[in-house]
Amino acid sequence: MNTKSVLLGVLIGSITSAATAIMLAPKSGRELRQDIASKSGEASVILKELAYNATDLLQSVQVLGTEGTTLLKDLSTDIKESVAHWNEEMEPEKARLKDEIKDMQKTISDLEKTLKKDKKASN
């Protein structure tokens, strides 16, 4: 059975039932027309509110999307600037560490030479 057909049948049945209930209610023609008019007015107000709320929601989502994009761009720019600034600040430290490593390597080399000389002298 097709789901679309079932839903259409339920919808048509509901509308028919509502119309039958209104028509068979123990009211005069004037009361019935007044009820129908008031209910249609209420339905119109509800539909207008629903349309307004849907439009408002759509606008909020659009603003949020725009603001989110802007915030991400700003955040990305801030991070790039921070990393660039950190690299600039660390450049002298990198040079200093390279010099210290060279000094340590020279000291180790000198110690190795001294140990070799001491070993030869003790043999």
Side-chain angles (χ1 to χ4, degrees):
M1 191 181 294
N2 190 349
T3 306
K4 190 174 183 180
S5 297
V6 171
L7 291 175
L8 184 60
V10 169
L11 179 63
I12 291 172
S14 298
I15 291 171
T16 305
S17 301
T20 303
I22 289 173
M23 297 298 179
L24 295 178
K27 292 184 179 184
S28 69
R30 175 174 281 179
E31 289 177 84
L32 180 60
R33 285 190 297 274
Q34 287 174 347
D35 283 350
I36 291 172
S38 70
K39 296 296 181 190
S40 67
E42 290 174 16
S44 176
V45 169
I46 290 171
L47 288 174
K48 286 178 184 176
E49 287 178 9
L50 183 61
Y52 174 78
N53 289 337
T55 302
D56 191 38
L57 178 63
L58 179 62
Q59 289 173 347
S60 296
V61 168
Q62 289 172 340
V63 167
L64 180 61
T66 303
E67 288 176 357
T69 301
T70 303
L71 286 174
L72 285 176
K73 286 179 183 177
D74 290 346
L75 180 62
S76 175
T77 301
D78 288 348
I79 289 172
K80 287 177 183 177
E81 289 174 359
S82 294
V83 168
H85 182 70
W86 183 80
N87 278 334
E88 288 174 8
E89 287 181 352
M90 293 308 296
E91 199 59 41
E93 291 299 312
K94 288 179 186 177
R96 185 186 62 78
L97 287 172
K98 284 181 183 178
D99 289 343
E100 284 186 21
I101 290 171
K102 284 180 185 177
D103 288 345
M104 285 183 198
Q105 288 173 336
K106 186 177 182 311
T107 303
I108 291 171
S109 176
D110 290 347
L111 281 172
E112 287 175 345
K113 288 177 185 176
T114 303
L115 287 173
K116 284 182 184 177
K117 285 181 186 177
D118 288 346
K119 190 175 181 181
K120 284 184 183 179
S122 67
N123 282 340

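Numbers here are sequence positions counted from 1. This one's a predicted model, so the numbers in the text were calculated from it and none came from an experiment.
No donor-acceptor pair closer than 3.5 Å links the side chain of Ser109 to the backbone N or O of Gln105. Looking at Thr70, its side chain does come within 3.5 Å of a backbone N or O of Thr66 through a donor-acceptor pair. Here the side chain of Asp56 pairs no donor or acceptor atom with the backbone of Tyr52 at under 3.5 angstrom.
The CG atom of Asn53 sits 12.5 Å away from atom CG of Leu58, with the distance rounded to the nearest 0.5 Å. Atom CG of Asp74 is separated from atom CD1 of Ile79 by 11.0 Å, given to the nearest 0.5 angstrom. Taking CD1 from Ile108 and CG from Asp103, the interatomic distance works out to 11.0 Å, rounded to the nearest 0.5 Å. For the atom pair CG of Asp110 and NZ of Lys106, the computed distance is 4.0 Å after rounding to the nearest 0.5 Å. Residue Leu57 holds its CG atom at 10.0 Å from CD of Gln62, rounded to the nearest 0.5 Å.
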Less than 3.5 Å apart, which donor and acceptor atoms pair up between the side chains of residues 89-99 and the rest of the protein, not counting sequence neighbours?
residue	atom	partner	partner atom	Å
Glu89	OE2	His85	NE2	2.6
Glu93	OE1	Arg96	NE	3.1
Glu93	OE1	Arg96	NH2	2.9
Arg96	NH1	Glu100	OE2	2.3

